[in-house]
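Presented below is the structure to which this report refers.
In what follows, chains are A, B, ... by sequence order, proteins preceding strands, each numbered from 1. Every value quoted in this text rests on a predicted model; they were computed, and no experiment measured them.
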Number of protein chains: 2
Amino acid sequence: MEPKKTSKGEQTRAQILEAALDLFRERGYEQTTMRAIAEKAGVAVGNAYYYFESKEHLIQAFYARTHEEHMAASREVLDQERGLRERLLGVMRAKLDTIMPYHQFAGVLFKTAANPASPLNPFSAESLPVRRQATEIFAEVIAGSDTRLTPELAAELPNVLWLYQAGVILYWIHDSSPGCARSYRLMERSVKLVLRLISLFQFPLLRPFLKELLTMVADLRSEPMPAPLPAQTVE
Amino acid sequence: MEPKKTSKGEQTRAQILEAALDLFRERGYEQTTMRAIAEKAGVAVGNAYYYFESKEHLIQAFYARTHEEHMAASREVLDQERGLRERLLGVMRAKLDTIMPYHQFAGVLFKTAANPASPLNPFSAESLPVRRQATEIFAEVIAGSDTRLTPELAAELPNVLWLYQAGVILYWIHDSSPGCARSYRLMERSVKLVLRLISLFQFPLLRPFLKELLTMVADLRSEPMPAPLPAQTVE
DNA sequence: GGCTCTACTTGAACGCGTTCAAGTAGAGCC
DNA sequence: GGCTCTACTTGAACGCGTTCAAGTAGAGCC
């Protein structure tokens, strides 16, 4: 639409981003300097800051990339499978598969992502859109399956599953078994447990318990996580 | 025992640490420079590095301090109460109470603690002693209570409770409600749920489920979390 | 009193993320 | 062709964590 305004800038932006991601892959995040990125991209250091607020913000691009890959991979699974088990398992496996190539710098990613003041923080307002999208995948896992759930459970479950997924990723980040085999095992076994839990909760006996759990979760989510503390500045 | 060897050095070390903690409280972690710490302590910058490997390592001291306070506070509760509910609630409340004064720089704490390559990481080999101690508190919560649990559950539950506690702290870190009221509410409500879960698991109906859950948890814990990835250097 | 050894201490210098004042190049208008 | 405006670009400089070569002071020994 406005090719004049963007084309040149967009190109520079892309050059910087590619240079950054290449170098991150090659030698890791910490070992990559902004000077090196600028040099590889053929621009001045200052220019990188014209396009990206900070070194951390360069990660956000990579983040988005992974997310999109996962969405695509999930779509395939969800178009194929009808069983709740297969759908959940497929989506979870797709997630691990997508992030596997980046395992070596997962730590840094997580470190910045975990900072409450960071825009990369998955609970932050800035990443709400991505979080919502990710939750929607789980909503689809449930909605498109041949298993019928009580409405209350179906309403809150996607958020719980998103949290569950975050837990698995947390384990994965710390996992250095070959090929992250332990993470895959955790994922498979815990999916089974999650499904058992879900079917258990259909028992009337457990209804009051489920109800309390769900209202708690919903209540805690109700007020969106507030903005980063003003006192705390990101470095 | 060796007062000669240590006294002078220990004193300098203490000076630096106090200066650091004071400044952290006053203006936060990021805003405090090593130069400022050194100046306040009346030593040269380089000297601070003789006693502490890095700025991050200064946090570890604070970490240890909090942990000890919590142990003391828990002991009081555990000496008083016999009910499982009261004991767990008391220990969890003590935890929040202990860390509350440091809420403002919890973010930074967590950020470094979350880095798999950091010595502060609660899963790291370096913090195993503290983790074990913390888990032992939960073991005592159970052992000293008037509630009888199946041996398998009693064996694995402390670890699960430690993880549960970590989850609550994670929420607290991101909580900016006044006085962290939401965190306290989460804690109280989730303790109730945990207790219900525990009693639910005494039903024979749920035994196989419990068994699978426990073997999974035990299995994942069995191999200790390996050393930090070699590729990943801490900045 | 001098020698040696060890535990501590210094501060200049380095590397790197980030900022900012000073450009520059092209588009649009006259 | 010149004027102006905007989008982009530059690289020197700053601040801060960290390192390191060069001390220094006291203890123990002769």
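Protein atom NZ of Lys55(A) is 17 Å distant from nucleotide atom C1' of dT19(C), rounded to whole Å. Atom OH of Tyr29(A) and atom C1' of dC16(C) are 12 Å apart (whole Å). A straight line from NE2 of His57(B) to C1' of dG17(D) spans 14 Å, rounded to a whole angstrom. Between the CE atom of Met34(B) and the C1' atom of dT19(D) there is a distance of 12 Å, given to the nearest Å. In this structure, the CZ atom of Arg13(A) is 16 Å from the P atom of dA7(D), given to the nearest Å.
In this structure, Arg182(A) CZ and His174(A) NE2 are separated by 14.0 Å, a value rounded to the nearest 0.5 Å. Between Leu58(A) atom CG and Glu53(A) atom CD the span is 11.0 Å, to the nearest 0.5 Å.
A cation-pi contact links Arg13(A) to Phe52(A), judged by a cut-off of 6.0 Å to the six-membered ring centre and 45° from its axis. For the pair Lys55(B) and Tyr29(B), the distance from NZ or CZ to the six-membered ring centre is under 6.0 Å and the angle to the ring normal is within 45 degrees.
When the side-chain nitrogen and oxygen atoms of Tyr49(A) are compared with OP1 and OP2 of dT18(C), one or more of them lie within a distance under 4.0 Å.
Figure legend. dA22(D) is base-paired to dT9(C); pairs are counted as Watson-Crick or G-U wobble with both atom distances under 3.5 Å. Taking a pair to require two hydrogen-bonding distances under 3.5 Å in either a Watson-Crick or a G-U wobble arrangement, dC3(C) pairs with dG28(D). Under the Watson-Crick or G-U wobble criterion, with both distances below 3.5 Å, dG17(D) is paired with dC14(C).
With hydrogens and angles disregarded, no donor-acceptor distance shorter than 3.5 Å links the side chain of His70(B) to the backbone of Ala134(B).
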One character per nucleotide, please: for nucleotides 9-15 of chain D, 5' to 3', B when the base has a protein heavy atom closer than 4.0 Å, S when only the sugar-phosphate does, - otherwise.
BBB-B--
Tell me, with the steps shown, if Glu26(B) and Lys40(B) meet salt bridge (Lys or Arg N to Asp or Glu O under 4.0 Å).
CA-CA 13 Å; Glu26(B) 264 173 51; Lys40(B) 177 150 190 172; 3.6 Å; yes
